Amino acid sequence: MLLDTWGVPYEYPFYQVCNIARGADVSLRGAPIHTGSDMKEHLLSIPSKGAQYEYDYLKEQKLFDDEYTCVRARQQVNGIPFVICDIISPNYRPENPQFDEGVFVLWQFNSRGEIVFAEASNLHEVVAESEALQPILGWQECLASLSKNNRFFDGLLEAKVVGAELCYAINGKHITYPVWQFLVEFSQVGFNQEADSALQQYLCFAVYVDACSGLPL
């Protein structure tokens with residue numbers, strides 16, 4: 001495997017192996033989406049310009065021409081995986097906004113098992129370790145801090161934490177720091193202006209808390 005050739009430590013089983021439709025950002029979806037055919041049928045059933053725009057975009061990308069599988073791998077250090085998405089840096093300031101880039105490798109396969117797309121983002125090699133180690137807070141303390149931060153939960157009908165995992169993030173100076181990743185399921189009501197109706201949406205997102213300071217990122 002390519003990651004073995006590169007000498008990159010990674011977790012296995014892989015972080016994500018699914019039909020690409022499961023990882024797509026499908027607007028206003030209220031039905032289970034498991035295949036490209038499901039996604040196509042659902043988008044065409046929504047009488048809105050947003051859904052039509054998304055359908056046209058995915059059709060242009062030829063994502064309805066075949067059933068594609070997405071495989072995403074996470075690099076690890078000492079058995080701890082890196083976060084895969086960009087997160088707000090602990091050094092973020094309104095006058096100097098900073099984001100720390102996610103670390104992952106992504107492949108997309110067609111139904112014949114051929115790679116049609118690949119991306120490697122921000123992979124790193126450990127060159128030194130710090131002797132000054134800060135204590136890591138437990139997930140319970142970090143979750144309590146997160147629950148007091150309204151910017152994540154304003155406007156939600158309900159929210160439920162369904163997973164917590166200790167991960168590494170890496171800053172612009174290529175120094176790692178630990179974060180707690182919380183997976184949150186939530187529901188909210190949106191309004192489809194074209195259809196003149198309310199839509200309840202069920203979604204999932206990840207939020208991060210600095211595991212040393214306990215501050216939400």
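A quick note: this is a predicted structure, and the numbers were derived from the prediction, not measured. We're numbering straight along the sequence, starting at 1.
- The distance from the CD1 atom of I175 to the CD1 atom of I170 is 8.5 Å, given to the nearest 0.5 Å.
- Inter-residue side-chain proximity for Y177 and D100 is flagged as met; some heavy-atom pair is nearer than 4.5 Å.
- Atom CD1 in I87 sits 10.0 Å away from atom CG in N171 (nearest 0.5 Å).
- A search for side chain to side chain contact (heavy atoms under 4.5 Å, CB included) contacts involving Q52 returns Y55, D56, not counting sequence neighbours.
- If you take CD1 on I84 and CD on Q16, they are separated by 6.5 Å, rounding to the nearest 0.5 Å.
- Contact detail for W180 and C142: the closest heavy-atom pair is CD1-SG, 3.5 Å.
- Open room surrounds CD on E129; 12 or fewer heavy atoms of other groups in view lie less than 6.0 Å from it.
- The shortest side-chain heavy-atom distance between W107 and V116 does not fall under the 4.5 Å cut-off.
- A search for side chain to side chain contact (heavy atoms under 4.5 Å, CB included) contacts involving D86 returns E101, not counting sequence neighbours.
- The shortest non-hydrogen separation linking W139 to F182 is O-CZ, 3.6 Å.
- The two residues Q181 and C167 make their nearest non-hydrogen contact at CB-SG, 4.1 Å.
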Result block: side-chain N/O donor-acceptor pairs under 3.5 angstrom for residues 210-217, not counting sequence neighbours:
from: D210; atom 1: OD1; to: C212; atom 2: N; distance (Å): 2.8
from: D210; atom 1: OD1; to: S213; atom 2: N; distance (Å): 3.2
from: S213; atom 1: OG; to: L215; atom 2: N; distance (Å): 3.2

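- Judged as a side chain to side chain contact (heavy atoms under 4.5 Å, CB included), and not counting sequence neighbours, the contacts of D66 are Y68, N110, S111, R112.
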**Message:** Quick one, C85 with Y208, criterion side chain to side chain contact (heavy atoms under 4.5 Å, CB included). Give me CA distance, side-chain angles, the key distance, then yes/no.
**Reply:** CA-CA 10 Å; C85 60; Y208 298 91; 3.2 Å; yes

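- Counting only heavy atoms from C-beta outward, the side chains of L123 and V103 approach each other to under 4.5 Å.
- Residue F99 places its CZ atom among more than 12 non-hydrogen atoms of other residues, nucleotides or ligands, all under 6.0 Å distant.
- The two residues L106 and C70 come nearest to each other via the heavy atoms CD1-SG, 3.2 Å.
- F104 places none of its side-chain heavy atoms less than 4.5 Å from the side chain of Y15.
- Within a 6.0 Å sphere centred on CD of E114, heavy atoms belonging to other residues, nucleotides or ligands number more than 12.
- V161 and L166 fall within the same hydrophobic cluster, defined by Ile, Leu, Val, Met, Phe, Trp and Tyr side-chain heavy atoms under 4.5 Å apart, directly or through other members.
- The OG atom of S145 sits 13.5 Å away from atom CD of Q140, with the distance rounded to the nearest 0.5 Å.
- Residues V207 and L146 form a side-chain contact, since some pair of their non-hydrogen atoms from C-beta on lies under 4.5 Å apart.
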Show me the side-chain donor-acceptor pairs of residues 73-80 shorter than 3.5 Å, one per line, residues at least two apart or across chains.
from: R74; atom 1: NE; to: E11; atom 2: OE2; distance (Å): 2.6
from: R74; atom 1: NH1; to: E165; atom 2: OE1; distance (Å): 3.1
from: R74; atom 1: NH2; to: E11; atom 2: OE1; distance (Å): 3.2
from: R74; atom 1: NH2; to: E11; atom 2: OE2; distance (Å): 3.1
from: R74; atom 1: NH2; to: E165; atom 2: OE1; distance (Å): 3.3
from: R74; atom 1: NH2; to: E165; atom 2: OE2; distance (Å): 2.7
from: Q75; atom 1: OE1; to: H124; atom 2: N; distance (Å): 3.1
from: Q75; atom 1: NE2; to: H124; atom 2: O; distance (Å): 2.4

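- A144 pairs by the side chain to side chain contact (heavy atoms under 4.5 Å, CB included) definition with nothing, not counting sequence neighbours.
- Below 30°, between 30° and 60°, or above 60°: for Y12 and F14 the angle between ring planes is above 60°, a perpendicular geometry.
- Linking ILVMFWY side-chain heavy atoms closer than 4.5 Å, directly or via other members, places L137 and Y168 in two distinct hydrophobic clusters.
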